[in-house]
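Since the structure comes first, as structure tokens, the remarks are kept for the end.
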Protein chains: 2
Amino acid sequence: MNRRGPTLEDVAREAGVSRATVSRVVNGVRNVDPALQDVVRQAVERTGYTPNGAARSLVTRRAETVALLISGAGDGFAARVFADPFFGRIVSGAVAYLRGRAMHPVLMLAESESARRQVVDYLRRGSADGALVVSIQADDPLPRMLCDARIPLVLFARSPHGPEVSSVDVDHYAGGRLAAGHLLARGCRHPATICAPQDLPAGRDRLSGFCGALEHAGRIRPAVAEGGFTVESGAAAMVRLLAGHPEVDGVFAANDLMAQGACEVLRDRRLRVPHDVAVVGFDDSSVAVTCRPPLTTVRQPVEEMAAAMAELLAGQLQGAVAGPTHLVFEPELVVRESA
Amino acid sequence: MNRRGPTLEDVAREAGVSRATVSRVVNGVRNVDPALQDVVRQAVERTGYTPNGAARSLVTRRAETVALLISGAGDGFAARVFADPFFGRIVSGAVAYLRGRAMHPVLMLAESESARRQVVDYLRRGSADGALVVSIQADDPLPRMLCDARIPLVLFARSPHGPEVSSVDVDHYAGGRLAAGHLLARGCRHPATICAPQDLPAGRDRLSGFCGALEHAGRIRPAVAEGGFTVESGAAAMVRLLAGHPEVDGVFAANDLMAQGACEVLRDRRLRVPHDVAVVGFDDSSVAVTCRPPLTTVRQPVEEMAAAMAELLAGQLQGAVAGPTHLVFEPELVVRESA
DNA sequence: TTGAAAGCGCTAACAG
DNA sequence: CTGTTAGCGCTTTCAA
């Protein structure tokens with residue numbers, strides 16, 4: 001594969017100017033005679049010139065590329081990522097921001113120990129200038145690895161035990177409270193929750209927000225079953241909940257996928273949603289709309305959060321030396337049919 | 001961001017050898033005294049050296065990176081991609097192959113005209129060595145753009161009007177036949193299909209395979225409603241089918257997501273699957289298992305196809321000059337509960 | 001405003 | 001087996 005295209009040299013010869021001048025025109029640097037600019041641009045056109053990224057990066061020390069890392073573990077990791085529209089929203093938000101700033105967004109999965117090493121290597125060698133990290137595993141070693149390698153990064157969700165780096169997050173506690181408030185307001189007397197893994201801070205916060213609001217309203221603790229963010233785990237949790245607490249009339253699921261699983265089980269049992277059991281989800285991903293019935297859910301402004309994450313990183317890359325910034329977004333209740 | 005780490009020079013000094021020797025050790029080239037190798041490796045360790053990718057690429061003319069491009073259009077493109085586990089399987093297969101060959105897989109979305117230009121630019125400047133392209137749009141301009149830019153590429157699905165490049169595909173016609181055969185075998189008398197967009201060759205082939213087998217068995221043409229690969233479009237199509245043909249007792253949906261939508265509508269109508277209406281999907285993505293009931297479906301060996309695609313590209317990158325290769329995989333019927 | 005020249009950090013001949 | 005040397009293609013001082 002020796003497709004070596006035309007170089008600056010070739011364009012310069014074609015245009016009858018020096019390499020430096022062509023470089024200036026290509027990079028839009030001022031102080032070039034407009035007439036010459038045209039000549040150069042035509043030469044570029046004729047030769048079909050494209051700058052060689054490696055040569056450029058070698059001197060600029062930038063790749064104009066940002067890696068969006070989705071980190072986790074386990075078999076079928078990719079399958080899980082591509083089954084949750086939540087990630088689609090993150091990608092969407094980050095990509096939109098980066099494209100607007102002429103940065104190339106590249107998505108990489110870090111699904112295993114060796115994959116993480118490869119990804120870190122990719123960044124260390126400078127193939128990307130920094131990383132946006134979305135981790136869906138407790139105690140993910142990736143943020144620390146990146147940090148140790150001096151890679152600029154911003155996290156989606158604050159990591160309590162990880163390194164102190166900038167992050168963007170939603171107020172999970174407030175989200176849980178929103179769900180409880182809504183359930184209470186519609187007269188729910190026997191609330192339950194399908195919570196997220198409790199080794200995740202987000203999982204704990206959503207649960208304690210939910211419980212806290214209930215307690216505040218004078219209710220006893222809700223029935224709790226833990227799920228793993230998937231439809232099936234939500235369904236299984238709902239089955240357990242029903243087995244132990246047949247009186248349940250309201251469920252807060254810690255994400256929409258699990259809420260969907262719950263709805264399916266409820267339906268199988270001929271329990272009407274929301275009439276018999278009200279269901280509230282979390283995220284407001286596209287399944288919230290697809291679900292039958294459409295889900296009332298706690299919306300995370302994911303696209304904005306992702307864009308903010310990219311903006312924070314862009315700032316770091318431009319040399320802003322402020323300490324870690326932690327942005328916390330407010331969740332919002334979106335009422336549809338399920339509750 | 002001037003984090004300039006140690007260079008070969010630094011390591012060489014530390015180890016008391018020449019840059020060339022360090023380079024050899026780092027790149028695992030033979031002909032280096034084992035003792036020296038150790039010395040060098042220790043020096044690498046001490047200095048925390050990582051090769052600079054730009055400098056290396058500049059001379060090797062390779063980035064050791066392959067782009068996996070998902071191309072299409074429309075608002076919510078990312079959302080759609082991340083709502084179909086089918087893509088997860090592609091990513092999974094390609095990533096697994098590439099990681100094993102020490103290539104960095106990077107996923108990029110080409111969701112608009114400008115995004116496509118950016119992606120092509122990324123490849124033209126050499127940030128990746130080649131592309132694996134998954135297009136979910138009829139007449140996608142991307143393959144041709146890549147081809148014109150002399151970027152090595154392999155397509156997922158053969159493009160009839162696009163440039164002649166290597167591709168990997170499943171026998172869609174055979175897949176449609178498989179679905180028809182199964183429906184017929186279980187005694188279905190009024191088959192219908194929720195077909196894929198007919199401007200897609202794959203969509204046409206799945207439909208004609210289905211119709212062909214029916215015809216061959218002496219049946220009339222099935223009722224047809226077109227969907228757009230999403231759950232909602234499948235549900236809407238099912239509604240139309242039922243409205244026009246209440247007698248329908250078997251449905252072949254051109255992907256699992258649409259099959260799921262169909263199942264939901266059927267359930268709402270109190271029609272039992274498969275007892276009243278049998279449903280066959282396509283893909284065998286993870287929703288086939290999640291769906292209620294679990295879907296009988298036509299399996300595409302997506303992971304293998306993706307790996308084959310990566311292998312074909314790797315061959316091209318190594319300079320194998322064979323003409324375009326078209327690999328066609330056989331689909332397989334996976335029987336679960338829905339039919 | 002333009003050109004000449006010096007590298008960026010690395011690999012790959014080519015000697016030794 | 002090891003070191004010396006010549007670039008890879010580009011940006012960026014520094015002079016003119």
Side-chain angles (χ1 to χ4, degrees), chain A residues 1-41 43-44 47-65 121-127 129, chain B residues 1-41 43-44 47-65 102 121 123-127 129:
Chain A
M1 286 325 307
N2 263 353
R3 12 172 227 104
R4 84 173 53 185
T7 71
L8 260 196
E9 185 70 49
D10 298 322
V11 181
R13 200 178 315 115
E14 178 82 16
V17 297
S18 72
R19 295 205 310 267
T21 300
V22 179
S23 175
R24 290 184 185 110
V25 173
V26 169
N27 294 298
V29 177
R30 348 165 254 299
N31 300 343
V32 177
D33 185 312
L36 257 195
Q37 284 190 32
D38 272 358
V39 174
V40 170
R41 258 189 279 274
V44 166
T47 54
Y49 171 76
T50 309
N52 176 312
R56 178 180 282 180
S57 294
L58 185 54
V59 36
T60 61
R61 322 192 78 70
R62 295 168 123 299
E64 310 298 345
T65 299
D121 177 59
Y122 181 83
L123 283 145
R124 291 231 312 169
R125 72 211 241 163
S127 295
D129 304 319
Chain B
M1 287 325 309
N2 262 352
R3 12 171 226 102
R4 86 172 53 185
T7 70
L8 260 197
E9 186 71 50
D10 299 322
V11 181
R13 200 177 316 116
E14 177 83 15
V17 298
S18 72
R19 296 206 310 270
T21 299
V22 179
S23 175
R24 289 184 188 111
V25 173
V26 169
N27 293 296
V29 178
R30 345 168 255 299
N31 300 342
V32 178
D33 185 312
L36 258 195
Q37 285 191 33
D38 273 359
V39 174
V40 170
R41 258 188 279 273
V44 166
T47 53
Y49 170 75
T50 310
N52 175 312
R56 177 180 282 179
S57 293
L58 186 53
V59 35
T60 62
R61 324 191 78 69
R62 298 168 121 299
E64 310 297 345
T65 299
D121 178 59
L123 283 145
R124 290 231 312 168
R125 71 211 239 164
S127 294
D129 305 319

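By convention in this document, chain letters (A, B, ...) are assigned in the order of the sequence lines, proteins followed by strands, and residues within each chain are numbered from 1.
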Given axes from five pairs at either end, by how many degrees does the helix from C/dT1-D/dA16 to C/dG16-D/dC1 bend, rounded to 10°?
->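 Taking the rotation axis at each end, their angle is 30°.
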Is there a donor-acceptor pair closer than 3.5 Å between any side-chain N or O of B/S23 and the backbone N or O of B/R19?
->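 No: the side chain of B/S23 does not pair with the backbone of B/R19.
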Judged by atom type as modelled, is there a donor-acceptor pair below 3.5 Å linking the side chain of B/Q37 to the main-chain atoms of B/V32?
->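 Side chain of B/Q37 to backbone of B/V32, a donor-acceptor pair under 3.5 Å: yes, one is there.
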Using heavy atoms and a sub-4.0 Å distance, could you list which residues of residues 48-56 of chain A are near DNA chain C? By number, please.
->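 Output list: empty, so none.
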When rounded to the nearest 0.5 angstrom, what is the spacing between [atom1] in [X] and [atom2] in [Y]?
X: A/N31; Y: A/T21; atom1: CG; atom2: OG1; answer: 11.0 Å
X: A/S127; Y: B/R56; atom1: OG; atom2: CZ; answer: 10.0 Å
X: B/L123; Y: A/T50; atom1: CG; atom2: OG1; answer: 11.0 Å
X: B/R41; Y: B/L36; atom1: CZ; atom2: CG; answer: 11.0 Å

For C/dT2, does OP1 or OP2 lie under 4.0 Å from any side-chain N or O of A/N31?
->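 For C/dT2, OP1/OP2 do not have a side-chain N/O of A/N31 under 4.0 Å.
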According to a strict under-4.0 Å criterion, is A/R61 in side-chain N/O contact with OP1 or OP2 of C/dG9?
->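 Checking C/dG9 against A/R61, a side-chain N or O does come within under 4.0 Å of OP1 or OP2.
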Minimum heavy-atom separation for [X] and [Y], please, with both atom names.
X: A/Y49; Y: A/V26; result: CE2-CG2, 4.1 Å
X: B/S57; Y: B/A63; result: OG-CA, 3.8 Å
X: B/V39; Y: B/A15; result: CG1-O, 3.7 Å

Between A/V32 and B/V29, name the one whose nearest nucleotide on DNA chain C is closer to the 5' end.
->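 Taking each residue's closest nucleotide, the earlier one in sequence belongs to A/V32.
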Among C/dT2, C/dG9, C/dG7, the nucleotide that comes nearest once only the side chain of B/V59 is considered |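 The closest nucleotide is C/dG9.
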Tell me the interatomic distance from [X], atom [atom1], to [N], atom [atom2], rounded to whole angstroms.
X: B/R24; N: C/dT11; atom1: CZ; atom2: P; result: 11 Å
X: A/L58; N: C/dA6; atom1: CG; atom2: P; result: 17 Å
X: A/L8; N: C/dA4; atom1: CG; atom2: P; result: 14 Å

Nucleotide interval of DNA chain D bounded by contacts with chain A (heavy-atom cut-off, under 4.0 Å) =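 Taking any atom under 4.0 Å from a heavy atom of chain A, the span is D/dG9 to D/dT13.
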Sequence-distant partners of B/V29, side-chain contact (heavy atoms from CB on, under 4.5 Å), two or more places apart |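 With sequence neighbours excluded, B/V29 shows a side-chain contact (heavy atoms from CB on, under 4.5 Å) to B/R24, B/N27, given in chain and number order.
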Just jot down the side-chain contact (heavy atoms from CB on, under 4.5 Å) partners of B/T7, sequence neighbours excluded, or say none.
->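 With neighbours one apart ignored, the set is B/E9, B/D10.
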List in numerical order all residues of residues 11-22 of chain B for which some heavy atom is under 4.0 Å away from an atom belonging to DNA chain D.
->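 Within this stretch, B/V17, B/S18, B/R19, B/A20, B/T21 sit under 4.0 Å of the strand.
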A/V17 side chain reached by A/V40 side chain, heavy atoms, under 4.5 Å |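 A side-chain contact exists here, since the closest heavy-atom pair is under 4.5 Å.
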